[in-house]
Amino acid sequence: MADTERLGASGDPARRDAPVLRVRHLTKSYRGRTGLRTANDGLDLEVHPGEIVALLGPNGAGKTTLLRQVAGQLLPTAGTIEIAGLDVVRRPIAAKRFLSVIPQECEPRGDLTVEEEIRGFAALKGTPRSAIPAEADRLLAETGLVEHRRTLIRELSGGLRRRVLLAVALAGPSTRLLLLDEPTTGVDPEARRSVWRLIEGLRARRLGILLTTHYIEEAEYLADRVVVIDGGRFVAQGTVAEIRARLPYGGRLEIRGLDHLTANGRALVADLESRYRVGLKLGNAERLEVPDPFRPEVVAELARLTGEGVQATLAPVSLEDAYLSLVGTGAGFDA
Amino acid sequence: MSVREGFRQVAVATRMLLLESSRELGLVLGFSVIFPVGILFFLNVLAAPDLRVQALVGTIMLDMALLNVNALAQTMGQDKARKEFDLWVSLPVRPAVYTAAVALSYLPYSLAAAAVTLGVGIAGFHIPVPTSTIPTLFAGFFLVWASTLGIGFLIGALGRTPRQINSYAQLIGILLTFFAPVFYPVTVLPVPLQWVAYAWPLTWGSRYLTAVVVGNSGMALEAAAVLAGYVVLWSTLIALGLRWRQT
Ligand SMILES: Nc1ncnc2c1ncn2[C@@H]1O[C@H](COP(=O)(O)OP(=O)(O)O)[C@@H](O)[C@H]1O
Ligand SMILES: [Mg+2]
């Protein structure tokens with residue numbers, strides 16, 4: 001993934017434009033049965049035109065709370081939010097002209113056809129009447145819904161309904177910030193990839209896109225910048241490479257079948273365990289944190305292991321490793 | 001945002017909702033034809049001869065109010081559940097645009113129900129309604145619709161979940177059916193309950209319609225003024241966007 005080239009730190013023209021979204025010291029506390037619960041705690045964030053930012057965090061981290069405040073659905077407890085320089089709390093209607101949203105788990109009302117829905121929302125968002133048919137045609141083509149234009153929304157599959165929501169979000173003449181709250185949760189892997197391609201295809205529009213996800217792959221595939229959120233706070237921000245680099249190790253050596261090692265194999269594994277940290281041990285498999293998976297001496301360890309018939313694999317650290325160490329859940333063991 | 005754009009948005013949103021409700025006609029027909037005619041049939045059999053006008057007016061009132069409460073509150077409830085409500089809140093529209101569109105999309109059915117009930121009452125049950133009062137009655141139907149709107153809106157805006165909203169709508173429906181003084185004169189109620197009844201827009205709606213049919217213009221004007229007061233109250237609440245943005 002070319003995430004590093006894409007963002008190009010401060011030299012990228014995207015970063016020099018005024019941000020489409022500026023969030024300052026944002027705090028949101030919900031008043032619940034058990035007292036106040038702080039779901040967003042002093043968040044600062046900017047999204048620039050043409051930039052895709054992924055908010056990555058576990059369930060309950062505060063992602064939806066942040067997006068709903070930006071979308072003007074929820075009033076902040078403290079802090080400010082500006083869309084295209086307009087304060088969302090004080091000037092909601094003016095600010096929302098530049099905004100489009102797909103709320104989490106949004107199911108559009110089902111009794112309109114795809115085309116009626118798109119035309120209706122285009123009109124509501126200010127597209128002049130004469131421009132609506134052309135805009136609807138363009139959006140139908142762009143989201144791959146041309147053959148479904150006369151189908152009732154409730155008759156579409158979940159994946160296609162997400163595309164309708166995306167078409168609706170792209171309608172209107174003035175959107176500059178797009179908020180997508182878990183755009184692919186609950187759709188099948190193939191539909192997920194088609195939604196990714198659609199979002200990726202939006203780069204040409206130079207929108208600022210803020211999406212939330214708990215799929216690491218999604219952040220890796222789409223985002224120029226990843227913001228990791230946990231317990232209402234940002235725990236890391238940067239490109240995928242930058243976040244990966246925060247880990248104190250560069251690769252992981254995974255060993256399986258620990259319960260049927262030969263004597264030599266057992267000795268080799270014990271030696272490795274004495275030199276490298278054991279990151280995760282699950283059943284008869286374990287993961288060792290090694291410095292750099294491309295260094296010859298590390299590759300040689302792998303060769304020695306496989307030579308003794310030990311099932312072992314070597315991989316560079318992933319965003320997932322970094323993410324798990326940041327949010328401190330330590331769950332999952334993938335090969 | 002200009003007022004003109006606001007009206008355009010209401011027109012667009014109402015049209016979308018009308019298209020949708022035209023695709024679930026069974027439900028709407030039930031509310032606007034079968035239900036009122038059924039009630040009218042029973043009431044007319046039960047009512048004493050001098051209360052037949054009251055029974056007719058009561059049927060119209062009850063049906064309009066029930067449709068208003070259910071349609072508005074439940075649409076808001078469903079929209080909240082499927083996050084369509086969130087989608088609307090994030091649009092550059094005023095809260096009144098959304099509420100007005102939902103309400104207006106049921107107005108044709110409300111008026112149709114009133115017209116059908118009136119027609120069946122006059123033609124089928126020979127209830128004495130002077131033809132000359134029909135235009136004034138229709139003005140009254142509109143006023144009744146507008147003055148009961150706020151009940152559905154309050155339930156829809158204050159309820160958080162469709163379950164909660166449905167329960168409140170049901171409860172109000174039961175209260176309306178049994179305890180609203182639309183089928184009997186308000187004076188049959190014990191005095192404390194009469195005071196409660198006077199705070200209820202349906203009481204005034206029913207007074208207005210009865211006054212028009214029997215030709216008491218003083219009473220009609222008084223009731224119309226109270227109904228107009230309710231319309232102003234609801235419009236203010238709707239324009240302010242009660243619970244449009246959550247805290
Ligand atoms: N309306 C609400 N009232 C009270 N607590 C809420 C509300 N919405 C969310 N929360 C709480 O705030 C925290 C963050 O929730 P949310 O923003 O939905 O997280 P995420 O989208 O990252 O899963 C959770 O602990 C959740 O229970
Ligand atoms: Mg969420």
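By convention in this document, chain letters (A, B, ...) are assigned in the order of the sequence lines, proteins followed by strands, and residues within each chain are numbered from 1.
Comparing B/Asp86, B/Val89, B/Leu19 by heavy-atom pairs within less than 4.5 Å of chain A, the highest count is held by B/Asp86. Each of A/Leu165, A/Val89, A/Leu179 has some count of heavy-atom pairs under 4.5 Å with chain B, and the biggest count is that of A/Val89. Residue with the most contacts toward chain B among A/Arg119, A/Lys125, A/Glu116, A/Gln104: A/Glu116 (heavy-atom pairs, distance under 4.5 Å).
The side-chain heavy atoms of B/Val12 and A/Phe121, taken from C-beta on, include no pair separated by under 4.5 Å.
Within 6.0 Å of OH on A/Tyr215 lie more than 12 heavy atoms contributed by other residues, nucleotides or ligands. For B/Phe42, the CZ atom counts as loosely surrounded, since its 6.0 Å shell holds 12 or fewer non-hydrogen atoms of other residues, nucleotides or ligands. More than 12 heavy atoms of other residues, nucleotides or ligands lie within 6.0 Å of CZ in A/Arg205, so this atom counts as buried by the packing criterion. Atom CZ of B/Phe153 is surrounded by more than 12 heavy atoms from other residues, nucleotides or ligands within 6.0 Å.
Considering all non-hydrogen atoms of both residues, A/Gly120 and B/Met16 come closest at CA-SD, 3.6 Å.
Ion pairing of A/Arg109 with B/Glu24 is absent here, as no side-chain N (NZ or NE/NH1/NH2) approaches a carboxylate O to less than 4.0 Å.
Residues from residues 236-247 of chain B that place a non-hydrogen atom less than 4.5 Å from a non-hydrogen atom of chain A comprise B/Trp244, B/Arg245, B/Gln246, B/Thr247, given in numerical order. Residues from residues 131-156 of chain A that place a non-hydrogen atom less than 4.5 Å from a non-hydrogen atom of chain B comprise A/Ile132, A/Leu152, given in numerical order.
Side-chain N or O atoms of B/Glu20 include none that pairs as donor or acceptor with a backbone N or O of A/Leu112 at under 3.5 Å. A distance-only check finds no donor-acceptor pair linking the side chain of B/Lys83 to the backbone of A/Pro108 [under 3.5 Å]. B/Arg23 places a side-chain N or O within donor-acceptor distance of the main-chain N or O of A/Asp111, the cut-off being under 3.5 Å.
Contacts of A/Arg68 with chain B are made by side-chain atoms alone, with heavy-atom separations under 4.5 Å and no backbone atom involved. Within the 4.5 angstrom heavy-atom criterion, no atom of A/Val70 approaches chain B. In this structure, no portion of A/Gln69 lies under 4.5 Å from any heavy atom of chain B. Only the side chain of A/Pro92 comes within contact range of chain B, with at least one heavy atom under 4.5 Å from a heavy atom of that chain.
The distance from the CG atom of B/Leu87 to the CD atom of A/Glu107 is 12.0 Å, given to the nearest 0.5 Å.
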Dump the intermediate steps for side chain to side chain contact (heavy atoms under 4.5 Å, CB included) on B/Leu91 and A/Lys96, then the final yes or no.
CA-CA 6 Å; B/Leu91 291 177; A/Lys96 286 172 192 170; over 6 Å; no

Just do the side chain to side chain contact (heavy atoms under 4.5 Å, CB included) check on A/Leu124 and B/Arg8 with the steps written out, would you?
CA-CA 8 Å; A/Leu124 286 168; B/Arg8 181 187 175 221; over 6 Å; no

Side chain to side chain contact (heavy atoms under 4.5 Å, CB included), that's the test. Do A/Cys106 and B/Arg82 meet it? Break it down for me.
CA-CA 5 Å; A/Cys106 180; B/Arg82 57 164 93 93; over 6 Å; no

